[in-house]
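Read the structure below first, then the notes.
Each ligand, and each atom within it, is numbered from 1 in the order the structure gives.
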Amino acid sequence: MIIEKIAKNLVLKNGTIIDPHRGKTYLGDVWVKDGKIAGVGKVEAPADSETIDCSGKVITHGFCDLHVHFREPGREDKETLKTGARAAMAGGFTRVCVMPNTNPPLDSPESINFIREKAEECPIHIHPIGAITKAQGGNDLTEMGLMHKEGAVAFSDDGLPIQDGAMMRIALEYSTLLNVPIINHAEDECLRAKGVMHEGIVSNHLGLSGNPDLAESAMVHRDLELAEFTGARLHVPHVSSEKAINHIRRMKSTNEKVTSEVTPHHLFFNDEALKSFNTNLKVAPPIRTERDRLALVEAVKDGTIDCIATDHAPHAIEDKETTFDLASFGMIGLESCFGAVNKVLVQDEGLLIEDVIELLTSKPRSIMGFEPNLFFVGEEAEITVLDTNKEWIFGKEHIQSRSKNSPFYGESLIGQVVITISRGQMSLI
Ligand SMILES: [Zn+2]
């Protein structure tokens with residue numbers, strides 16, 4: 001993949017323009033001048049503009065991922081903000097939020113500032129999410145107000161659930177002053193115990209210790225009750241189970257402040273895939289049964305789930321090339337995201353391509369309060385060009401991340417990102 005500076009005048013010609021903000025699909029061109037939108041639809045660009053033929057392709061907003069782990073500071077051998085930004089562009093993402101479970105964690109105004117400054121050198125927009133508790137220890141609240149001032153867009157101890165209900169209550173109460181979401185990795189650690197995969201028939205069959213769906217749903221239920229009580233904005237990350245979905249659906253019928261996300265891997269795989277003992281499928285929360293997977297699809301269809309987020313979690317080879325019990329939790333996911341969700345939701349489940357694009361663009365942006373009207377003249381160009389029908393086999397050559405822990409190798413995906421434009425740069429596959 002090449003990333004290069006875009007021409008002074010660039011025209012993406014004859015594409016199918018999908019504008020998720022206005023809810024419109026039409027044929028036309030997009031003209032980018034000095035890195036900003038200069039015209040959409042019928043454009044009158046200078047004759048010497050660089051043009052790219054986009055016939056048969058979709059031109060839409062750059063994707064936005066609310067949930068990635070870029071490992072900087074501390075584990076730059078796994079990923080840095082720069083390598084993560086490359087992986088993001090390969091996946092069509094122009095904007096991401098990085099989780100704070102770095103080493104040290106993003107638990108102070110200074111650490112939030114560190115990310116903001118480093119992000120300036122990257123070709124995409126990177127927003128830090130601050131830790132809820134100091135050192136993610138679960139005991140002392142961070143200086144959320146000061147961190148918010150420095151640019152923290154939300155708060156989470158992701159990777160580590162907030163076990164203490166009183167701490168979660170205080171965090172939610174405090175967040176209402178800042179009007180930012182609290183994102184809690186919902187797993188009851190006692191119920192999860194030493195579970196390495198979903199507890200059920202397959203875990204019994206494989207002889208691996210199970211992590212029951214109750215571990216997620218019990219904590220999601222607690223968090224929803226606390227969110228309602230405090231009036232705070234709760235965002236439930238990487239929902240994996242039918243039980244948790246049922247709680248969220250019920251609460252959303254009366255509380256519009258609750259939002260949730262699902263990962264491509266929870267939509268794509270079920271626990272039968274773990275019969276291969278592929279450690280790249282070891283994630284938290286775990287990949288669950290086909291029944292759970294179908295419940296997630298239903299939840300996407302009826303709006304219980306608001307957006308797609310990858311939970312891109314890079315790990316070194318030695319963290320994954322070990323026994324299933326010892327392997328680290330997590331997989332990378334930016335590069336395979338669109339091909340995977342487009343295949344499941346559009347080809348298999350009959351959603352419209354417009355629906356999938358909303359889940360990757362306008363909906364995550366609205367949760368974080370990011371600018372949604374990206375085809376407005378004068379707006380900085382954040383654009384993704386897609387070949388939505390392309391069938392391709394995912395392989396190592398598609399990875400831009402510094403880590404390679406993907407379970408999508410060899411999988412046939414549908415829909416590929418062709419061009420990503422962000423911050424005056426363009427990536428071409
Ligand atoms: Zn998590």
Side-chain angles (χ1 to χ4, degrees), residues 65-71 74-75 78-79 84 96-103 105-107 127-133 135-138 152-164 167-168 171 181-189 191-192 195-198 211-224 227 234-241 244-245 248 258-267 269 280-288 292 296 305-315 319 327-334 337 364 367-368 403 405 407:
D65 191 346
L66 304 187
H67 194 145
V68 301
H69 301 269
F70 280 178
R71 308 302 188 201
R75 286 307 300 267
K78 295 182 177 185
E79 197 83 287
V96 302
C97 301
V98 288
M99 282 296 176
N101 60 335
T102 47
N103 187 14
L106 309 180
D107 65 353
H127 302 274
I129 292 175
I132 294 173
T133 64
Q136 293 192 300
V153 290
F155 291 88
S156 176
D157 275 356
D158 191 50
L160 299 167
I162 303 276
Q163 293 298 319
D164 182 332
M167 177 54 67
M168 186 64 183
I182 293 287
I183 306 170
N184 184 30
H185 178 121
E187 282 191 300
D188 181 308
E189 284 177 348
L191 283 169
R192 180 178 70 184
V196 294
M197 67 172 290
H198 172 68
N211 172 355
D213 53 4
L214 290 167
E216 177 178 69
S217 61
M219 191 172 269
V220 165
H221 189 260
R222 179 203 75 175
D223 290 349
L224 290 168
L234 177 73
H235 178 70
V236 187
H238 44 50
V239 185
S240 67
S241 63
I245 283 295
I248 296 167
V258 170
T259 54
S260 68
E261 74 191 26
V262 67
T263 70
H265 50 272
H266 286 109
L267 288 173
F269 296 105
N280 289 330
L281 287 162
K282 182 176 173 185
V283 284
I287 286 162
R288 301 197 189 271
D292 290 296
L296 295 173
I305 283 175
D306 296 271
C307 68
I308 308 277
T310 64
D311 195 7
H312 177 84
H315 282 297
D319 297 325
S328 300
F329 290 95
M331 67 170 78
I332 58 170
L334 288 163
C337 173
I367 292 169
M368 287 297 175
S403 294
N405 53 306

Who pairs with Lys282 by side chain to side chain donor-acceptor pair (under 3.5 Å), at least two apart in sequence or on another chain?
none
Run the side chain to side chain donor-acceptor pair (under 3.5 Å) test against Asp311 and tell me which residues pass, sequence neighbours left out.
His67, His69
Metal check, the Zn ion (ligand 1) vs Asp158 N/O/S, cut-off below 2.8 Å:
yes
Is there an N/O/S atom in His67 at a distance below 2.8 Å from the Zn ion (ligand 1)?
no
Does any part of the side chain of Ile248, heavy atoms only, come nearer than 4.5 Å to the side chain of Val220, both counted from C-beta?
yes
Looking only at side-chain N and O atoms, does Thr259 offer a donor or acceptor that is under 3.5 Å from a partner on His235?
yes
Given the Zn ion (ligand 1) as the apex, I'd like the angle to ND1 of His185 and NE2 of His238, rounded to 10 degrees.
100°
